[in-house]
Amino acid sequence: AQGYVHKGPKAELDFYRDQGYRLAGPELSYPDGCEESMFQAVEGKKLRDEDGEWHVVYAGGIHGPGKPYYMMPVFEALASQKIHVHIYPAPYSTAHENLSEYGAPGVGGGRIHMHMTLPYQELVKDMARYDFGIYYFDFDPEKFASVAVKLKTAAGNKVPSYYEAGLPVIIGERLEYSVMMVSEDGAGLVVGADGLRSLADRL
């Protein structure tokens, strides 16, 4: 290629160069951001109004057991605190992963809910019913060393998508670039492994 187009923070490109990718030539970078026309009203009706319990949403890529983005332990930790988790998997995850565990009947005491993949405009509207978006990965950094390094600079679509839905973000401390965004915006909670297991108290 004569050049390349990149979405995300420029620091992310250094990660790819360190992995051996040859990124030379013209460069066009698009930072992640919000689309104003997608903003949802923050005073809209919430599921919490009906049952008095917290509802957290996760949207994006997700893996099965033994892979870095295996989220079941995280979701179970929340469900054990009577926090509902609503999952909207990315299309590539539903196409390439066995996600049946997440949608099994009664999983997480009935507080883990698997939803269908939705077109983006519908997804943002649906997410507005919840209380928080979550962007948190918990895995062994020695087993998945390159992923652990990438997450320091990764941004992805999650934070802007949650913002569009009018949601504050529960953000994992390993996601250094995204932690910086959320902290500077005053738009969420930064949590580590210990904090995740006592999250209900902070909420």
Side-chain angles (χ1 to χ4, degrees), residues 31-62 69 71-94 99-138 155-173 175 178-191 195-203:
D32 292 276
C34 297
E35 171 55 54
E36 191 171 351
S37 67
M38 300 291 285
F39 286 169
Q40 303 299 304
V42 295
E43 66 275 4
K45 187 172 177 60
K46 301 284 187 179
L47 291 183
R48 182 170 172 76
D49 299 333
E50 300 171 11
D51 61 18
E53 296 186 338
W54 294 113
H55 290 260
V56 169
V57 62
Y58 174 84
I62 191 170
Y69 304 124
M71 300 290 291
M72 186 55 78
V74 172
F75 297 157
E76 288 177 331
L78 300 184
S80 71
Q81 301 170 64
K82 298 185 177 180
I83 300 171
H84 291 261
V85 181
H86 298 265
I87 309 162
Y88 292 82
Y92 66 83
S93 290
T94 57
L99 304 179
S100 59
E101 180 181 6
Y102 296 97
V107 67
R111 288 189 172 88
I112 298 175
H113 313 276
M114 177 68 97
H115 297 266
M116 293 177 55
T117 298
L118 293 176
Y120 189 71
Q121 286 186 314
E122 293 180 32
L123 173 63
V124 174
K125 290 178 182 176
D126 221 46
M127 291 195 302
R129 301 181 299 151
Y130 309 126
D131 302 296
F132 292 86
I134 187 166
Y135 186 15
Y136 182 99
F137 297 123
D138 188 15
N157 295 325
K158 288 182 184 58
V159 172
S161 296
Y162 296 150
Y163 284 1
E164 289 171 350
L167 303 180
V169 183
I170 299 164
I171 186 93
E173 64 184 5
L175 297 153
S178 295
V179 163
M180 179 185 69
M181 287 174 54
V182 172
S183 297
E184 287 182 354
D185 296 337
L189 303 171
V190 180
V191 295
L196 189 76
R197 284 152 186 79
S198 58
L199 183 62
D201 295 334
R202 289 186 71 187
L203 299 187

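In this text the structure is predicted, and so the values were computed from the model without any measurement. What's counted below: heavy atoms across the whole structure, side chains too, no hydrogens, waters or symmetry copies.
- Contact between G61 and A90 at its shortest, heavy atoms only, is N-CB, 3.7 Å.
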Worked check of side-chain contact (heavy atoms from CB on, under 4.5 Å) between F132 and W54: CA-CA 8 Å; F132 292 86; W54 294 113; 3.9 Å; yes
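- Under the 3.5 Å distance criterion, the side-chain polar atoms of Q40 are left unmatched by any main-chain donor or acceptor of M127.
- The nearest pair of heavy atoms linking M71 to I62 is CG-CG1, 3.8 Å.
- Taking both residues in full, the closest heavy atoms of R111 and A79 are given as CD-O, 3.9 Å, listed atom of the first, atom of the second, then distance.
- In summary, the side chains of Y120 and N157 do not present any donor paired with an acceptor at a separation below 3.5 Å, with no hydrogens or angles considered.
- In this structure, a donor-acceptor pair under 3.5 Å is absent between the side chains of S93 and Y69.
- Between the side chain of D131 and the main chain of H55, a donor-acceptor pair closer than 3.5 Å is present.
- Using the six-membered ring where Trp is involved, F137 and Y135 have ring planes that are perpendicular, over 60° apart on the 30 and 60° scheme.
- Counting all heavy atoms, side chain and backbone alike, C34 lies closest to F39 at CB-CE2, 3.6 Å.
- Between atom NZ of residue K158 and atom CD1 of residue I171 there is a gap of 9.5 Å, rounded to the nearest 0.5 Å.
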Between L189 and R202, is the side-chain contact (heavy atoms from CB on, under 4.5 Å) condition met? List the steps. CA-CA 9 Å; L189 303 171; R202 289 186 71 187; 3.5 Å; yes
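- If you take CG on L78 and CG on L196, they are separated by 5.0 Å, rounding to the nearest 0.5 Å.
- The ring of Y130 has its center closer than 6.0 angstrom to the ring center of H86.
- Looking at S80, its side chain does come within 3.5 Å of a backbone N or O of A77 through a donor-acceptor pair.
- Taking both residues in full, the closest heavy atoms of P89 and M114 are given as CD-SD, 3.7 Å, listed atom of the first, atom of the second, then distance.
- Between the side chain of E164 and the main chain of E36, no donor-acceptor pair closer than 3.5 Å is present.
- Taking CG from L199 and OH from Y136, the interatomic distance works out to 10.0 Å, rounded to the nearest 0.5 Å.
- A salt bridge is absent between D49 and R129; no separation between the charged side-chain nitrogens and carboxylate oxygens falls under 4.0 Å.
- Note: F75 and Y102 have perpendicular aromatic rings, judged against thresholds of 30 and 60 degrees for the angle between ring planes.
- For the residue pair T117 and P91, the shortest heavy atom distance occurs at CG2-CG, 3.5 Å.
- Checked by atom type and distance alone, the side chain of K46 pairs as donor or acceptor with a backbone atom of A128 at under 3.5 Å.
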Pair V107-E101, side-chain contact (heavy atoms from CB on, under 4.5 Å): steps then yes or no: CA-CA 8 Å; V107 67; E101 180 181 6; 5.6 Å; no
Trace of the side-chain contact (heavy atoms from CB on, under 4.5 Å) decision for L47 with H84: CA-CA 10 Å; L47 291 183; H84 291 261; over 6 Å; no
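- Taken from CD1 in I87 to CE in M116, the straight-line distance is 15.0 Å, to the nearest 0.5 Å.
- For E53, the CD atom is densely surrounded, since the number of other residues' heavy atoms within 6.0 Å is greater than 12.
- Between I134 atom CD1 and Y162 atom OH the span is 7.5 Å, to the nearest 0.5 Å.
- Judged purely by atom type and a 3.5 angstrom limit, E173 has no side-chain atom pairing as donor or acceptor with the backbone of V190.
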